[in-house]
There are 2 protein chains.
Amino acid sequence: MPETPVSPAAQAAHSPAGAGLLYLREEELRAAQDLLFFAYRDFTGAADSMLEELGFGRAHHRALHFVGRHPGLAVSDLLGILRITKQSLARVLGLLIAKGLVEQRPGRDDRRQRLLYLTASGRALERQVFERQRERLARAYRDAGPQAVEGFRRVLRGIANEQGRAWLDRAERPGRP
Amino acid sequence: MPETPVSPAAQAAHSPAGAGLLYLREEELRAAQDLLFFAYRDFTGAADSMLEELGFGRAHHRALHFVGRHPGLAVSDLLGILRITKQSLARVLGLLIAKGLVEQRPGRDDRRQRLLYLTASGRALERQVFERQRERLARAYRDAGPQAVEGFRRVLRGIANEQGRAWLDRAERPGRP
DNA sequence: ACGTTCACGTCAACAATCCTGACCCAAAAT
DNA sequence: ATTTTGGGTCAGGATTGTTGACGTGAACGT
């Protein structure tokens with residue numbers, strides 16, 4: 001007998017009287033604001049001192065990170081991910097390129113493009129910065145367990161918009177989203 | 001027969017050959033970087049246009065939010081939450097106070113303190129901004145379901161540091177953390 | 001071939017938000 | 001009485017983001 005597909009919310013609605021929807025209460029949603037703030041604050045903060053020593057800031061890290069995640073990323077795509085103007089990115093990217101961490105190559109299909117790649121030293125640096133964040137993340141994952149991690153991923157994915165999800169998917173399956 | 005307490009990570013380790021630790025692989029951790037970025041980007045972005053119309057920015061929103069979450073918050077505590085200097089906060093808070101959204105009252109136990117409260121209009125505004133973020137969050141929660149939400153909370157809580165967790169706990173049980 | 005559009009780059013000035021250092025007043029602690 | 005602490009102010013500087021304008025050359029459409 002095939003089971004009828006039921007959404008997670010619908011499943012919860014079937015649990016003991018009304019209790020199933022507690023997680024949608026205002027207080028729960030407000031707590032999420034706090035959770036996101038503190039987690040993001042501390043996650044990004046973990047890399048700050050290292051970035052600072054190198055004369056970089058978070059903006060540089062973000063650029064470095066996404067170029068590393070998507071080798072051959074087009075400038076316009078990076079703009080779309082970071083949600084900043086090209087002038088703003090130019091300053092940040094210019095420094096990364098000047099420092100030999102990022103390189104640009106003309107696109108094969110469109111020679112106007114300046115596809116972005118991390119250099120070997122760029123990858124090395126990105127890895128170093130990643131290590132600063134990794135331990136915090138791994139510990140949180142281990143403490144929470146795989147089921148919780150799956151839930152974490154599902155919810156965050158749902159908070160991100162369509163474009164964000166497309167890039168998340170692409171990171172798993174290389175190719176333009 | 002009482003069950004022996006087993007940590008979530010240990011439970012996972014007992015699952016089919018090695019698969020239990022997949023969620024701690026580097027690629028999984030890297031994906032978390034992306035997830036956090038996109039979710040936070042879009043979550044905070046949801047309120048930006050409203051804030052801008054009012055002549056405020058994210059810094060103002062953060063201050064407004066936490067004063068609302070913790071009525072009677074001391075200035076030094078807000079500094080500790082936001083991780084900014086008092087000079088920086090002074091500008092932001094000064095505007096909120098000037099606009100009649102926040103008020104200060106001397107502490108009862110320590111008259112040097114300037115305890116912070118949202119005014120009625122401050123609360124009204126904070127609620128309006130919250131509504132901008134709420135729907136996105138609620139939809140993500142509904143889609144993911146209560147189990148996933150619990151997981152989300154557990155992991156984010158684990159990413160935040162001790163101080164963050166203390167404030168998270170206090171938001172649930174009013175009182176200084 | 002030519003006109004238009006597009007990817008990216010540059011220059012410039014300004015804004016939001018954060019920092020450091022210094023100094024001050026008054027309350028609290030020693 | 002002296003020292004420490006909570007909060008405030010002044011000032012100058014840094015990071016990162018914005019807007020507008022202009023330019024080059026590749027790609028596209030006619």
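Letters A, B, ... mirror the listed sequences (proteins, then strands); counts begin at 1. The basis for the numbers below is simple: all heavy atoms, side chains too, and nothing from hydrogens, waters or symmetry mates. Here the structure is a predicted model, which is why all the values come from computation and not from measurement.
At the phosphate of D:dG17, OP1 or OP2 sits under 4.0 Å from a side-chain N or O atom of A:R62.
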Step by step, work out the side chain to side chain contact (heavy atoms under 4.5 Å, CB included) result for B:Q147 and A:Q147.
CA-CA 8 Å; B:Q147 303 279 62; A:Q147 301 277 64; over 6 Å; no

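When the C1' atom of C:dA28 is taken as reference, atom CZ of B:R108 falls 18 Å away, rounded to whole Å. Separating the CG atom of A:L78 from the C1' atom of D:dT16 is a distance of 14 Å, rounded to the nearest angstrom. B:L95 has its CG atom 10 Å from the P atom of C:dT17, to the nearest Å. Rounded to an integer number of Å, the gap from B:H60 NE2 to C:dT17 C1' is 9 Å. Taking atom NE2 on B:H61 and atom P on C:dA16, their separation rounds to 18 Å, with Å as the unit. A:R91 places its CZ atom 11 Å from the C1' atom of D:dA14, with the value rounded to the nearest Å. Straight-line distance from the CG atom of B:L115 to the P atom of D:dG8: 11 Å, rounded to whole Å. Protein atom CD of A:E52 is 12 Å distant from nucleotide atom C1' of C:dT20, rounded to whole Å.
Taking the nucleotide of DNA chain D with the nearest heavy atom to each of A:G55 and A:G107, the more 5' of the two is matched to A:G55. Along DNA chain D, the nucleotide closest to A:D110 and the one closest to A:L82 are compared, and the more 5′ of them pairs with A:L82.
Contact annotation for A:Q104: backbone-only contact, meaning every heavy-atom pair under 4.0 Å involves sugar-phosphate atoms and none involves a base. When heavy atoms are screened at a 4.0 angstrom cut-off, B:R58 is found touching the sugar-phosphate backbone but no base atom. No engagement by A:D48 is indicated, since no non-hydrogen atom pair under 4.0 Å with the nucleic acid exists.
In this structure, B:L24 and A:R142 approach most closely via the heavy-atom pair CD1-CG, 3.4 Å. Considering all non-hydrogen atoms of both residues, B:V92 and B:A63 come closest at CG1-CB, 4.1 Å.
By the 30° and 60° cut-offs, the orientation of the rings of B:F66 relative to B:H70 is parallel. Taking the six-membered ring for Trp and thresholds of 30 and 60 degrees, B:Y40 and A:Y40 have nearly parallel ring planes, at less than 30 degrees apart.
Here the nucleotide nearest the side chain of A:R112, chosen from D:dG8, D:dA27, D:dT16, is D:dA27. For A:R114, taking side-chain heavy atoms from C-beta onward, the closest of the listed nucleotides C:dC8, C:dC19, C:dT17 is C:dC8. Listed nucleotides: D:dT18, D:dA26, C:dC8. Nearest to the side chain of A:R111: D:dA26. Looking at the side chain of B:A90, the nearest of the listed nucleotides D:dT9, C:dC8, C:dC18 is D:dT9.
Put simply, the side chain of B:H61 does not reach to within 4.5 Å of the side chain of B:M50, judged on heavy atoms.
A cation-pi arrangement is not found for B:R62 relative to A:F37, the charged atom failing to lie both closer than 6.0 Å to the ring centre and inside a 45° cone about the ring normal.
A salt bridge links B:R127 to A:E26: one of the charged nitrogens lies within less than 4.0 Å of a carboxylate oxygen.
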Enumerate all atom pairs, one protein N or O and one N or O from nucleotides 19-23 of chain D, separated by less than 3.5 Å.
unit_1: D:dG20; atom_1: O6; unit_2: A:Q87; atom_2: NE2; d: 2.6
unit_1: D:dA21; atom_1: N6; unit_2: A:Q87; atom_2: NE2; d: 3.4

